[in-house]
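Worksheet: one structure, shown below.
Lettering follows sequence order; numbering is per chain, from 1.
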There are 2 protein chains.
Amino acid sequence: MNTEEIPLRDRILETTRHMLFSDGYSSISMRKIANAVGVSATSIYLYFENKDHLVHTLIEESVEDLSVAIEKGAARYDDTIARFEAIIHSYVDFALQNPEKYQVIYMVQSERMARYPKEKFRKARRGYTLLGSVLEQGVKEGHMEVDEPLIAAYSIWAQLHGVISVVLNQRLDSRIDREKFIEESIEHIIQGFFARIKIS
Amino acid sequence: MNTEEIPLRDRILETTRHMLFSDGYSSISMRKIANAVGVSATSIYLYFENKDHLVHTLIEESVEDLSVAIEKGAARYDDTIARFEAIIHSYVDFALQNPEKYQVIYMVQSERMARYPKEKFRKARRGYTLLGSVLEQGVKEGHMEVDEPLIAAYSIWAQLHGVISVVLNQRLDSRIDREKFIEESIEHIIQGFFARIKIS
DNA sequence: ACAGTAGGTTAACAGTGTTAACTTAACGAA
DNA sequence: TTCGTTAAGTTAACACTGTTAACCTACTGT
């Protein structure tokens, strides 16, 4: 078999990610995962402390990949505004092209995240920290008007996630066209940072 | 006892909502809920088909309350722009003042929501449908520039949820001030609809 | 040839959602 | 008053869950 060559730990991770995405968290169990991999349930505990740890590892992987995608996207441009837009589009593109990985990041609700080791959160910061520094640069160059770049970056992050999760979770109103929704939402989020006109 | 006067069904709902918020979904069980209420686990099945139905009922209640809050907020003003801002602030205020109810709406992840009866989703639409009609009015009066009011409304909805959930789920970067984050995010979301300036 | 170890296994425990069958109290009709 | 019916709850059981402890087994280095 070819799969025998791949380390068991990796096979467990891949199988879990797939099952997590297609069946949902509450449907997966250690026994089912083990069964799909072709080992006994307790073998999973040789590589992961418990179910939480297994899921957290999956999240960490996904966060890493997302961060890399964003950094690559930004690196393609020198111009600050182009970098700003590239980051946002990289985020959205990654989420839409890798729904399994993206969904895993946010699939786990607050309670289970509370058990997520705090130091790991710093890795998750990489993406919007980069965005923050781009915003700062934008302010310096006079293109944007932003009080607190870090807050602004986080705000964009949250807004993007809201848009993406509505799309991926299929909560979108059936009367609304998916692509148009995404496009207009991104446009709106971007636009909000170039114009700061007082309401007349 | 005073609690004996309250119907069992209501006591179950109240207890479940509280436990759901404080302990999280994965920590609650039919037996624990029943124990806290003071009845046997199977008694819950006299009023709810299963655990899903129990949770869905809770969601429905919360959605209803949120909708009412928004409608009340909008009704306080005649001016379109004022109504627009009132809706957004009502949404945020409700979420922050009733975290138990708001969190319950989004606590249940996509998989469990797929089992949520589709006809119930229409009720959930009430809030942003109202927002959509206000946007439409704003376009008519020349205050705003929006292509598709319904899409725009949904986009705002998603963005607001993103911001709120970051705050309530305590995923906020510790360097960032909570109140300032909320304020600036709302400001940004609102501003995006008044100004549509092409990027130079 | 033998001890140690890496990489698995089976058996068991306490807890889960859910169903079926049972009890018990209240009520109206004869 | 006694019967049948119904409502509201109970207990016992089933198949499944995460997790632990004890066991096996094949390969390694000496």
For this session: Please check if any side-chain donor atom of E141(A) sits under 3.5 Å from a side-chain acceptor atom of T80(A), or the reverse.
Result: yes

Exercise. Taking atom P of dT18(C) as reference, at what distance in whole Å does atom NE2 of H53(B) sit?
Worked result: 12 Å

For this session: Taking the six-membered ring for Trp and the full ring for Phe, Tyr or His, determine whether the centres of F84(B) and Y77(B) are under 6.0 Å apart.
Result: no

Exercise. With sugar-phosphate meaning primed atoms plus P, OP1 and OP2, does S43(A) contact a base, only sugar-phosphate, or nothing at under 4.0 Å between heavy atoms?
Worked result: base

Problem set entry | Neighbours of DNA chain C within residues 31-42 of chain B, by heavy-atom distance under 4.0 Å | R31(B), K32(B), T42(B)

For this session: Do nucleotides 22-27 of chain C as a string where each nucleotide becomes B, S or -: B if the base has a protein heavy atom under 4.0 Å, S if just the sugar-phosphate does, - if no protein is that close.
Result: ------

For this session: State, without any angle test, whether Y102(B) and Y91(B) hold a side-chain donor-acceptor pair at a distance under 3.5 Å.
Result: yes

For this session: Not counting sequence neighbours, which residues clear side chain to side chain contact (heavy atoms under 4.5 Å, CB included) with N98(B)? List them please.
Result: F94(B), K101(B)

Exercise. To the nearest angstrom, how far is R9(A) atom CZ from dA6(C) atom C1'?
Worked result: 16 Å

For this session: Name all pairs fulfilling the salt bridge (Lys or Arg N to Asp or Glu O under 4.0 Å) condition that reach into residues 71-80 of chain A, sequence neighbours left out, sorted by first residue then second.
Result: E71(A)-R126(A)

Problem set entry | Donor-acceptor pair between H188(B) and Q159(B) side chains, under 3.5 angstrom | no

Exercise. Phosphate oxygens OP1/OP2 of dG8(C): is one of them under 4.0 Å from a side-chain N or O of Y47(A)?
Worked result: yes

Problem set entry | Separation of dG17(C) P from E49(B) CD (nearest whole Å) | 16 Å

For this session: Give F48(B) one of three labels, base, sugar-phosphate or nothing, depending on what nucleic acid heavy atoms sit under 4.0 Å from its own.
Result: nothing

Exercise. Between S185(B) and F181(B), is there a donor-acceptor pair closer than 3.5 Å when you use the side chain of the first and the backbone of the second?
Worked result: yes

For this session: Check the distance between dT16(C)'s P and K51(B)'s NZ and give it to me in whole angstrom.
Result: 9 Å

Problem set entry | Contacts of S29(A) that satisfy side chain to side chain contact (heavy atoms under 4.5 Å, CB included) - sequence neighbours left out | R31(A), K32(A)

For this session: Starting from P on dT10(C), measure out to OH on Y45(A) and report it in whole angstrom.
Result: 16 Å

Exercise. What is the nucleic acid contact for I44(B), judged by heavy atoms within less than 4.0 Å: base, sugar-phosphate only, or nothing?
Worked result: nothing

For this session: State whether the number of non-hydrogen atoms from other residues, nucleotides or ligands found under 6.0 Å of E100(A) atom CD is greater than 12.
Result: yes

Problem set entry | Aromatic Y25(B) / basic K51(B) pairing, under 6.0 angstrom, 45° off normal | yes

Exercise. For I28(B) and dG15(C), what is the distance between atoms CD1 and C1' respectively, to the nearest whole Å?
Worked result: 15 Å

Problem set entry | Contact boundaries on DNA chain D for chain B, cut-off under 4.0 Å to non-hydrogen atoms | dG9(D) to dA13(D)

Exercise. How are the rings of Y154(A) and Y128(A) set relative to one another: parallel (under 30°), tilted (30 to 60°) or perpendicular (over 60°)?
Worked result: perpendicular

